[in-house]
Amino acid sequence: MIGLTFQPEVKRIIGVGPHYRSLRIEKGLDLQVDEPMLFLKNVDSVTTSEHIELSSQIQQIYCEVEMGVLVGRPGYQIREDEALSHICGCAIVNDITAVDKIELGQHKMFMNTTPIGSFVKVDNVQDVTIRMSVNGQPVQDGHTSEMLFSVTWLISYISAIMPLREGDLILTGTPAHPTLCVSGDVIELFSPELGSIQHTLKQDVIKN
C-alpha cells in the first residue's frame, strides 16, 4: 500500500552499483564482495517531467529502475541499527546512464538523467518490488531483497566515508536487464510500494 507522498529537494546523489544479485549474475560478476562500488551523480540530473530531454551527445542510453532512499536526518559514522531513523522516504527512480561516456567519466553527469517519482514512507525497505517497461514491454522485474548489502548497511557504510546530509539521495542499484533505449521510447516504472511514473525520452532539444 502506498502512503502519503511528498517531493522534497534532492541536494546530492550517491549511487550504488552493480548491486543486485541478478544483475551481477547477468554480467558474470562475483557475488562475494566486501564493499560496494559507489559513484556520485549530478544533482541537476533530477527531474519529475514526463518528457525527458537528453543531450544529443549521448549515443547509448541505458534505463535502469531503482529504489531511491532519501536522507532526512544528517549523520556521520551512523550505526547500522540507527540507520532507519535517518531515512525520510523512498521513491522509484530511472537511473539513466550514458553508457558510451563511461571511459570519459561523464556517464552520470548529464542533465535529466534521474527521473524520479514522489517519495513515500516504506514499511520495509528490503521488501520492495521494482519494475520497468519500455513501450509497454516488461524488461526489468526485481526486488530489494536481491541487494548484496542492505539499505541500513549502505547508510552506515557511506556515512563512514562522508557525512550524510538532509536531502542526500542514495540510489540503491538496479536488477537484471537494464535496457538500451532511444529517443521516443516510453518508459514506465512501477512498484506496489513506491507508485509509478511514466516518461518519454527525447534527444533533439538539448545540445551541449
Side-chain angles (χ1 to χ4, degrees), residues 6-46 64-98 101-110 113-114 116-117 119-128 130 142-176 178 191 193-194:
F6 57 102
Q7 196 67 59
E9 180 184 1
V10 173
K11 297 179 182 177
R12 201 164 52 170
I13 305 173
I14 303 141
V16 182
H19 187 214
Y20 274 59
R21 290 181 178 85
S22 60
L23 180 63
R24 294 186 71 87
I25 290 170
E26 182 179 65
K27 290 181 171 290
L29 300 175
D30 195 347
L31 294 178
Q32 302 299 319
V33 294
D34 295 327
E35 297 179 282
M37 186 192 82
L38 302 179
F39 60 87
L40 296 176
K41 196 169 186 182
N42 175 17
V43 71
D44 293 319
S45 66
V46 174
E64 308 171 11
V65 65
E66 306 201 9
M67 179 179 72
V69 174
L70 189 69
V71 175
R73 186 163 68 93
Y76 179 54
Q77 297 180 334
I78 299 167
R79 292 199 338 234
E80 187 175 352
D81 62 356
E82 296 180 344
L84 286 177
S85 68
H86 291 263
I87 299 173
C88 67
C90 300
I92 198 160
V93 181
N94 184 359
D95 179 18
I96 297 174
T97 303
K101 302 297 183 181
I102 289 177
E103 291 187 1
L104 299 175
Q106 302 171 8
H107 55 300
K108 299 292 186 179
M109 296 176 66
F110 287 91
T113 54
T114 313
I116 192 168
F119 287 92
V120 299
K121 300 288 187 179
V122 174
D123 291 334
N124 183 351
V125 292
Q126 300 304 148
D127 187 18
V128 174
I130 53 175
H143 192 270
T144 56
S145 61
E146 294 181 53
M147 295 178 182
L148 291 183
F149 303 99
S150 70
V151 170
T152 54
W153 189 94
L154 287 172
I155 289 173
S156 179
Y157 176 82
I158 295 168
S159 73
I161 297 171
M162 63 183 191
L164 288 174
R165 305 171 184 166
E166 181 180 356
D168 281 351
L169 176 67
I170 300 173
L171 303 181
T172 57
T174 195
S191 168
E193 297 79 19
L194 304 176

Closest non-hydrogen contact found for Leu154 with Pro36 is CD2-CG, 4.0 Å
Notebook entry, point to check: Given Phe39 and His107, is the side chain to side chain contact (heavy atoms under 4.5 Å, CB included) satisfied, shown in steps?
Noted result: CA-CA 10 Å; Phe39 60 87; His107 55 300; 5.7 Å; no
*Looking only at atom types and distance, does a side-chain atom of Arg24 sit under 3.5 Å from a main-chain N or O of Leu29, one as donor and one as acceptor?*
no
Contacts table for residues 64-71: side-chain donor-acceptor under 3.5 angstrom, sequence neighbours left out:
{"residue": "Glu64", "atom": "OE2", "partner": "Thr97", "partner atom": "OG1", "Å": "3.0"}
{"residue": "Glu66", "atom": "OE1", "partner": "Gly173", "partner atom": "N", "Å": "2.9"}

Side chain to side chain donor-acceptor pair (under 3.5 Å) pairs touching residues 165-175, sequence neighbours excluded, are Arg12-Asp168, Gln140-Thr174
Ser145 and Arg21 have their tightest heavy-atom pair at O-NH1, 3.4 Å
Quiz item: Quick check: does any side chain N or O of Arg73 sit under 3.5 Å from a backbone N or O of Ile87, one acting as donor and the other as acceptor?
Solution: no
When every non-hydrogen atom of Ser22 is compared with those of Ala176, the smallest separation belongs to OG-N, 3.0 Å
Other residues, nucleotides and ligands only: do more than 12 of their heavy atoms fall within 6.0 Å of CD on Gln77? yes
Value for OG1 (Thr152) from CZ (Arg79), rounded to nearest 0.5 Å, stands at 12.5 Å
In short, Val33 meets Phe149 closest at the heavy-atom pair O-CZ, 3.5 Å
Smallest heavy-atom separation, Ser159 atom then Gly75 atom, equals CB-O, 4.1 Å
Residues passing the side chain to side chain contact (heavy atoms under 4.5 Å, CB included) test with Ser45, sequence neighbours excluded, are Ile13, Lys41, Thr113, Thr114
Ile25 meets the side chain to side chain contact (heavy atoms under 4.5 Å, CB included) criterion, sequence neighbours left out, with Leu31
Item to check | Check: His86 and Leu164 side chains under 4.5 Å, non-hydrogen atoms | outcome: no
Closest non-hydrogen contact found for Gly117 with Ala91 is O-CB, 3.6 Å
_Polar side-chain atom of Gln126 near backbone of Val151 as donor-acceptor pair, under 3.5 Å_ = yes
d(Ile116 CD1, Ile92 CD1) to nearest 0.5 Å is 10.0 Å
Between the CE atom in Met147 and the CH2 atom in Trp153, the distance rounded to the nearest 0.5 Å is 13.0 Å
pair Ser150-Glu80: side-chain heavy atoms closer than 4.5 Å
yes
Any donor-acceptor pair under 3.5 Å linking the side chain of Thr144 with the backbone of Val125? yes
CD (Glu146) and NE2 (His19) are apart, to the nearest 0.5 Å, by 10.5 Å
**OP:** Step by step, work out the side chain to side chain contact (heavy atoms under 4.5 Å, CB included) result for Lys121 and Cys90.
**Re:** CA-CA 6 Å; Lys121 300 288 187 179; Cys90 300; over 6 Å; no
Which of Asp95, Ile170, Leu171 passes side chain to side chain contact (heavy atoms under 4.5 Å, CB included) with Val16? It is Ile170
The side chain to side chain donor-acceptor pair (under 3.5 Å) partners of Asp127 (sequence neighbours excluded) come to His143
Those residues at least two apart in sequence (or on a different chain) that pass side chain to side chain donor-acceptor pair (under 3.5 Å) with Asp34 are none
